[in-house]
> 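Below are the structure tokens for one structure; questions will follow.
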Amino acid sequence: MGIKKKINLYVMALLYGLAGGNHFLNPANYYEIIPPYIGNEILVNNLAGIAELLLAAMLLIPSLRKLACFGIIAMLIAFLPAHIYMIQANCSGSFCLPEWLLWIRLLLLQPLLILWAWWNRK
């Protein structure tokens, strides 16, 4: 594996590790964006945080990297209802962002993150 690919992989693992840890450091932020129809926001937040931390660690283990990348893709797809809910709810809370930025995150950032995981699967 080339140095650029390694750095890219470590950055990805670091970002997902930080994101996962943030679910436990600032859980109330995430409770606000979990759609009410999903329910049990504490459990959902904890599972999301654990998943991000676990997948970040798995990225660093060559034999688990492909599985981690597919897990990240699945997780990003599973997070789509929260992103849509933020747009629909007119964003009231600590994660409040302008609506145009929420649309960019949904339509541009999420697909790019999925492509990033796909690219790192090898």
Side-chain angles (χ1 to χ4, degrees):
M1 177 185 307
I3 189 72
K4 287 181 185 179
K5 181 89 172 192
K6 252 185 195 178
I7 291 171
N8 177 55
L9 190 63
Y10 290 143
V11 168
M12 186 177 185
L14 176 66
L15 291 178
Y16 280 103
L18 291 172
N22 197 47
H23 280 267
F24 300 101
L25 295 174
N26 299 297
N29 293 343
Y30 296 94
Y31 300 159
E32 297 172 3
I33 65 169
I34 296 171
Y37 63 83
I38 292 177
N40 202 342
E41 65 272 355
I42 294 171
L43 175 63
V44 171
N45 175 64
N46 289 341
L47 290 174
I50 290 167
E52 285 183 322
L53 289 169
L54 182 62
L55 292 167
M58 288 171 62
L59 283 172
L60 302 175
I61 302 169
S63 63
L64 297 177
R65 185 168 301 131
K66 188 173 186 176
L67 181 62
C69 288
F70 285 123
I72 288 169
I73 291 168
M75 179 184 66
L76 290 169
I77 292 169
F79 287 172
L80 288 176
H83 299 305
I84 293 168
Y85 175 70
M86 286 180 70
I87 293 168
Q88 291 174 332
N90 293 321
C91 187
S92 62
S94 56
F95 269 154
C96 191
L97 298 169
E99 186 176 335
W100 64 269
L101 195 54
L102 295 172
W103 279 106
I104 288 175
R105 182 175 73 177
L106 178 65
L107 299 175
L108 183 63
L109 182 60
Q110 289 300 111
L112 288 175
L113 290 172
I114 290 169
L115 286 173
W116 191 19
W118 181 258
W119 186 74
N120 275 313
R121 76 192 187 287
K122 294 182 182 180

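Here, residue 1 is the first one in the sequence, and each next residue gets the next number.
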> What donor-acceptor contacts under 3.5 angstrom involve side-chain atoms of residues 54-77, with partners at least two apart or in another chain?
| residue | atom | partner | partner atom | Å |
| --- | --- | --- | --- | --- |
| Arg65 | NE | Leu59 | O | 2.9 |
| Arg65 | NH2 | Leu59 | O | 3.4 |

> Donor-acceptor check, side chain of Asn45 to backbone of Tyr31, threshold 3.5 angstrom: yes or no?
no
> Quick check: do Phe79 and Leu113 have side-chain heavy atoms less than 4.5 Å from each other?
no
> Working to the nearest 0.5 Å, report the span between CG of Leu80 and CG of Leu106.
6.5 Å
> Say you draw a straight line from CG of Asn8 to NZ of Lys4; how long is it, rounded to the nearest 0.5 Å?
11.0 Å
> Taking all heavy atoms of Ala48 and all of His23, pick out the closest pair and write down the distance.
CB-CE1, 3.7 Å
> Would the number of heavy atoms belonging to other residues, nucleotides or ligands and lying under 6.0 Å from CH2 of Trp103 be above 12?
no
> Tell me every residue that passes side chain to side chain contact (heavy atoms under 4.5 Å, CB included) with Lys6, counting only those two or more places apart in sequence or in another chain.
Met1, Tyr10
> Indicate if Tyr85 and Ile34 have the same hydrophobic cluster label, given that clusters are the connected sets of ILVMFWY residues with side-chain heavy-atom separations under 4.5 angstrom.
no
> Within the structure provided, determine whether Val44 and Tyr30 are in side-chain contact (heavy-atom separation under 4.5 Å).
no
> Rounded to the nearest 0.5 Å, what separates atom CD1 in Ile42 from atom CG in Leu47?
12.0 Å
> Are the side chain of Asn40 and the backbone of Leu43 linked by a donor-acceptor contact shorter than 3.5 Å?
yes
> Run the side-chain contact (heavy atoms from CB on, under 4.5 Å) check on Lys5 and Asn120 step by step: do they pass?
CA-CA 8 Å; Lys5 181 89 172 192; Asn120 275 313; 3.7 Å; yes
> Starting from the C-alpha separation in whole Å, work towards a yes-or-no answer on side-chain contact (heavy atoms from CB on, under 4.5 Å) for Phe24 and Ile50.
CA-CA 9 Å; Phe24 300 101; Ile50 290 167; 3.8 Å; yes
> Let me confirm one number: the CD1-CD1 distance from Ile33 to Ile84, rounded to the nearest 0.5 Å.
12.5 Å
> Determine, using the 4.5 Å side-chain heavy-atom cutoff (strictly less than), whether Leu112 and Leu102 are members of one ILVMFWY cluster.
yes
> Taking the side chain as C-beta and beyond, is there a heavy-atom pair between Glu99 and Ile87 under 4.5 Å?
yes
> I'd like to check Trp119 versus Met12 (side-chain heavy atoms, cut-off strictly below 4.5 Å). Are they in contact?
no
> Report whether Tyr16 and Leu25 are members of the same hydrophobic cluster (ILVMFWY, side-chain heavy atoms less than 4.5 Å apart, transitive linking).
no
